[in-house]
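The structure presented is a predicted model; accordingly, all values stated were derived computationally and were not measured. In what follows, chains carry the letters A, B, and so on, assigned in the order in which the sequence lines appear, proteins first and then strands, with residues in each chain numbered from 1.
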Number of protein chains: 2
Amino acid sequence: MAGTRSRPPEGRRRASHSMEAVLTEAVALLDEAGEPALTFRALAGRLGGGVASIYWYVASKDELLDRATDHVLGGVLTAIEAQTGSEDPIDDLRVMAVTLFDAIVVRPWLAAYFMRNTDLQGNSLRLYEQIGQQTLRLDLTPRQRFHAASAIISVVVGTAADLGQEPPPEVLDGTVGRDEYLGQWAERWRGLDPGEFPFMHEIVDEFEGHDDKDQFLAGLELTLAGLRLQAGA
Amino acid sequence: MAGTRSRPPEGRRRASHSMEAVLTEAVALLDEAGEPALTFRALAGRLGGGVASIYWYVASKDELLDRATDHVLGGVLTAIEAQTGSEDPIDDLRVMAVTLFDAIVVRPWLAAYFMRNTDLQGNSLRLYEQIGQQTLRLDLTPRQRFHAASAIISVVVGTAADLGQEPPPEVLDGTVGRDEYLGQWAERWRGLDPGEFPFMHEIVDEFEGHDDKDQFLAGLELTLAGLRLQAGA
DNA sequence: CTATCTTATCAAACATTGTTCGATAACCGA
DNA sequence: TCGGTTATCGAACAATGTTTGATAAGATAG
């Protein structure tokens, strides 16, 4: 049986990872092609090692995604902390929400794992704390503060997830521009029965060529206006 | 080679499906154990047929999920249409949002595929239209109406997805009650440094034993208040 | 220096998944 | 009876997350 077993390849060296490297490469894969691109084999290839090695650092793919999420959330958090300090706590809340929103737009995979993330700890917890601290400057009850902070996070994540859904491949390939894509939907809606779909006809012109960021800002503003009203300011 | 090939089993009859049956069983599987429970093999087993047969009705799992989502959305839509007609359009909006929210709470898998659903048509389109029609009764610009309807959907789906995330297995198994589960988080937060986490200490009592529905209603009310303000009513 | 334990790596196998292929039954109009 | 469309199904395929057992490399103790 000698020779059957694969003898130690002399030229081949053992790879040496680190948690930092694993997370960095994982995030890179996620950024390049989204969630399905992050496979253990692709990640192992990037790290120049074997597949099973990754399991020394994380116990499962879920944990890998949790850690990757927390990893990038660290950057978002420092960006947010550097921008607080306005006179108006509502202005601060707006800035924080926008910063988080922008981060999710750049990394659409964040939204999905922001929700699936039951562990309110680490940077996720700190982010929640930062937003909540602004509500401490408003004249609210503890319960209202609890609801306000949660509502703002929901608005950001909900809108970002809704708008950040992957466009169909023909848009990603660049064969069809975004405007053209929106135009196709607009065209379809214009063909609907005006009696049955008066609203779609009302907004189809607005939809065509709309900006996602404006849509988010408008929704955020509604929540902030309600909050300001509630605080009696 | 005669005999090698599996000869037609005489007692075994061919199964006969239908699109309706496929979707019904698919929804049943999703309801019982969420998204991962819906596999083509499990579905085929329920239908008493072969795996490949399902591919005559749907081209992929994505399409299966889209159709299943649209299927249950039909029921939500009729429930919503039966409840409109209040004097105050904002009251109607609230009822519609709550109805949709309740449907997602019962079926947490809906939230995920509500967002991934790029095809704004079918019942999804009708639902959007129903919500939008209420904004027609408010004194708003077309753009404001477009943003308002989108914001409400985002609030509902975002909050439902956030709150409807699957609790850990120990809660599902019933070995640990929900109150006990919340209590464990509360305990952890109480151990945080009060100087660094003043907000968490402020709301930990509210969090313990809170109701998800109340949390949603509070967030929704903020958006509706902002909307009412914008409409100048 | 040697022995031993811990840390870290890896190839290979395993189970499960979505999907495709080719065959073939069941029905139906001519 | 024939031919074509509709519908079903077993078997195989490729890709995935995960486990196993072996083993190298480094640190630590004797």
Side-chain angles (χ1 to χ4, degrees), chain A residues 1-23 25-26 29-30 32-69 109 112-113 116 169, chain B residues 1-23 25-26 29-30 32-69 109 112-113 116 169:
Chain A
M1 276 303 222
T4 295
R5 172 169 274 292
S6 69
R7 73 208 81 105
E10 314 182 12
R12 190 79 72 179
R13 291 203 165 227
R14 295 199 141 216
S16 168
H17 308 334
S18 80
M19 182 63 98
E20 180 67 23
V22 168
L23 294 184
E25 291 303 327
L29 279 171
L30 286 168
E32 284 171 27
E35 198 179 332
L38 177 57
T39 70
F40 276 58
R41 285 164 178 85
L43 183 54
R46 288 246 181 163
L47 294 166
V51 201
S53 301
I54 306 170
Y55 279 88
W56 191 87
Y57 294 94
V58 295
S60 66
K61 185 170 185 182
D62 272 352
E63 187 183 320
L64 175 61
L65 282 160
D66 282 348
R67 292 196 121 99
T69 301
W109 54 272
Y113 279 86
R116 237 185 39 82
Chain B
M1 275 302 222
T4 296
R5 172 169 276 290
S6 67
R7 73 205 84 101
E10 314 183 14
R12 191 80 70 178
R13 292 203 167 225
R14 295 196 141 216
S16 168
H17 309 333
S18 79
M19 181 63 96
E20 179 68 22
V22 169
L23 293 183
E25 291 303 327
L29 280 171
L30 286 168
E32 284 171 28
E35 200 180 328
L38 177 58
T39 69
F40 276 61
R41 284 164 180 84
L43 183 53
R46 289 247 181 162
L47 294 166
V51 203
S53 303
I54 307 171
Y55 278 89
W56 192 87
Y57 295 95
V58 295
S60 68
K61 185 170 186 183
D62 273 351
E63 187 183 320
L64 175 62
L65 282 160
D66 282 348
R67 291 195 120 99
T69 302
W109 53 272
Y113 278 86
R116 234 187 41 81

Whole angstroms only, please: what is the [atom1]-[atom2] distance between [X] and [N]?
X     : N      : atom1 : atom2 : result
A:F40 : C:dA13 : CZ    : P     : 21 Å
B:R46 : D:dC9  : CZ    : C1'   : 21 Å
B:L64 : C:dT17 : CG    : P     : 14 Å
B:R41 : C:dG18 : CZ    : P     : 7 Å
A:E63 : D:dT18 : CD    : C1'   : 14 Å
A:E35 : D:dG17 : CD    : P     : 10 Å
B:L43 : C:dT16 : CG    : P     : 18 Å

The answer to which of A:T39 and B:S18 contacts DNA chain D further toward the 5' end, by nearest nucleotide, is B:S18

Short of 4.0 Å, heavy atom to strand atom, which residues of residues 52-61 of chain A count as contacting DNA chain C?
A:A52, A:S53, A:W56, A:Y57

For B:G48 against B:A15, the heavy-atom pair lying closest together:
O-CB, 3.1 Å

Which heavy-atom pair separates B:G49 from B:H17 by the least distance, and what is that distance?
CA-CE1, 4.1 Å

Over all strands shown, is A:L38 touching base, sugar-phosphate only, or nothing at heavy-atom distances under 4.0 angstrom?
sugar-phosphate

Looking at B:H17, I'd like to know whether one of its side-chain N or O atoms comes within less than 4.0 Å of OP1 or OP2 on D:dT6.
no

Determine all donor-acceptor pairs shorter than 3.5 Å in which one atom belongs to a side chain in residues 36-44 of chain A; sequence neighbours excluded.
residue	atom	partner	partner atom	Å
A:T39	OG1	A:A42	N	3.0

Indicate yes or no: at least one non-hydrogen side-chain atom of A:L64 is less than 4.5 angstrom from one of A:V22.
yes

Results of side-chain contact (heavy atoms from CB on, under 4.5 Å) for A:Y113 - residues two or more places apart only:
A:E35, A:L65, A:T69, A:R116

